[in-house]
Structure formats: structure tokens, C-alpha cells
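Report on one structure; see the data block that follows.
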Amino acid sequence: MRIAVLALQGAFAEHEQMLRRLGVGAFEVRQLANWNQPKNGLIIPGGESTTQGKLLHDLGLFEPIRQAITEGLPVLGTCAGLILLSPMHLGTMDIDVERNAYGRQLGSFYTEAPVEGIAGNVPMTFIRAPYINKVLSSDVQVLAKVDSHIVAARQGRQLVTAFHPELDFDTRIHELFLSLAR
Ligand code: GLN
């Protein structure tokens with residue numbers, strides 16, 4: 001099992017750390033040559049979706065990644081990663097996304113809430129986070145809501161969270177993703 005971690009910008013190191021804790025191999029994708037290695041899944045980290053989106057285009061990674069996801073490559077998108085999978089960028093996930101949805105001042109907060117398929121509450125760290133305004137297809141399964149806003153969802157092998165599971169000790173969001181990749 002080997003997971004590609006998009007490492008152009010943002011919180012990719014924390015995802016790699018999480019995969020190490022789970023005993024799963026990972027490699028960084030910084031350019032097209034890295035991408036062309038065998039992989040069982042992809043993580044698109046939080047950071048700045050505009051920057052990551054531009055770099056994906058500049059490096060020629062946009063289309064190969066979009067195509068791989070369309071063909072069923074499992075993907076975990078967190079925060080900016082969620083935005084990148086939405087129709088604003090790669091468009092592989094049928095979700096309508098509100099960027100910086102919590103405002104810029106009170107944009108960062110911590111809470112705990114249930115996630116479908118995981119027992120008990122999951123820690124959720126939000127940093128200038130988006131949320132999902134609405135799902136655009138019945139293929140999208142809502143996994144979690146906070147204050148009535150959708151903050152986690154799944155569509156086939158695509159899993160997205162508006163929060164940063166890689167910043168908390170709980171490994172279960174990553175385990176859920178790995179179960180899609182197995
Ligand atoms: N605000 C960022 C964006 O719009 C996302 C923030 C994050 O990934 N922590 O891309």
C-alpha cells in the first residue's frame with residue numbers, strides 16, 4: 001500500500017506523519033515524474049486552494065490527477081483539498097462549496113462531532129475552512145455536519161473533510177480513507 005501525498009503547498013507533512021503512524025507508505029508529489037509512480041490513493045492537503053490549483057496547472061498535474069480520480073483512484077481532500085475536488089477546480093466531486101465560509105476573523109475553531117461510519121465524536125480543527133453548501137448529486141453521501149453545515153462527505157472513493165484530521169491525534173478519518181483504498 002502506497003499513498004501519494006500532493007506536496008505543492010500546505011499541510012502535506014502532517015498527512016505523511018499520519019500515514020507513518022498507521023504504518024502506510026507514502027510519497028510526495030511535487031512534479032509529474034513523482035505522480036507517475038504506482039499508488040493506491042491520493043491525499044490533497046489543506047493550504048491555499050488557489051495556489052495549489054495554479055501549481056497543478058503549471059506543473060501539468062491537473063489533467064492526469066483529474067483523470068485518475070475519474071477512473072476511481074481513491075482520494076482524501078482536506079480543507080483546500082475539498083475545494084480542489086469541487087467544480088471550482090478538478091470537478092470530480094459534485095459539491096457546491098463555500099470558501100472561507102466561517103469568515104476570516106473567526107475562521108479557526110475546534111469542535112467535536114459524529115461522522116457517519118465512525119463511533120463517537122471525531123475531533124475537528126477548522127482553519128479558514130470551507131463548508132459544503134449543498135450536494136449536487138445523489139451520489140454524494142453526507143458524513144458529518146456542524147451547525148447544520150456539511151463538513152464531511154463521500155462520493156464513491158472520494159472522501160472530503162472541511163476540517164484538518166491530520167492535525168489531531170485521532171487517526172480514524174485516515175483509516176476510513178485507507179479502507180476505500182484497500
Ligand atoms: N481558506 C483556504 C482556501 O480557500 C483553505 C484553508 C485550509 O485549507 N486550511 O483554499
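Atoms within a ligand are numbered from 1 in the order they appear, just like the ligands themselves.
For the pair Glu175 and Arg172, the salt-bridge criterion is not met [side-chain N within less than 4.0 Å of a carboxylate O]. Between Glu98 and Lys134, no side-chain nitrogen of the basic residue sits less than 4.0 Å from a carboxylate oxygen of the acidic one, so the salt-bridge criterion is not met.
Within the structure, ligand 1 lacks Gln52 among the residues with a heavy atom less than 4.0 angstrom away. Remark: distances from the non-hydrogen atoms of Gly47 to ligand 1 include one below 4.0 Å.
Asn34 places a side-chain N or O within 3.5 Å of a backbone atom of Gln31 that can act as its donor or acceptor partner.
Using a 3.5 Å distance cut-off with no hydrogens or angles, the side chains of Glu71 and Gln67 do pair a donor with an acceptor.
Ring geometry, Tyr102 versus Tyr131: the interplanar angle exceeds 60°, so the pair is classed perpendicular (tilted spans 30 to 60°). The aromatic rings of Phe126 and Phe109 lie parallel to each other, their planes meeting at an angle below 30°, with 60° marking the opposite boundary.
For ligand 1, the polar-atom distance check against His164 finds a nitrogen or oxygen pair separated by under 3.5 Å. Residue contacts with ligand 1: Cys79 is placed with no nitrogen or oxygen under 3.5 Å of a nitrogen or oxygen of the ligand (distance criterion only).
The distance from ligand 1 to the heavy atoms of Ile83 drops below 4.0 Å at these ligand atoms: 3 (C), 4 (O), 10 (O). Under a 4.0 Å criterion applied to the non-hydrogen atoms of Ser49, ligand 1 contributes the atoms 3 (C), 4 (O), 10 (O). Listed by number with element, the atoms of ligand 1 under 4.0 angstrom from any heavy atom of Gly46 are 8 (O).
What sits closest to atom 4 (O) of ligand 1 on the protein, heavy atoms only, is Arg99 NE, 2.6 Å.
Under 4.0 Å from ligand 1, heavy atoms of Glu48 appear from its side chain as well as its backbone. Residue-level proximity to ligand 1 for Asn100 is carried by the side chain, the only part with a heavy atom below 4.0 angstrom.
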query: Can you list the steps and then say if Phe163 with Tyr110 is a ring pair (Phe, Tyr, Trp, His ring centres under 6.0 Å)?
result: CA-CA 9 Å; Phe163 54 92; Tyr110 174 87; 9.9 Å; no

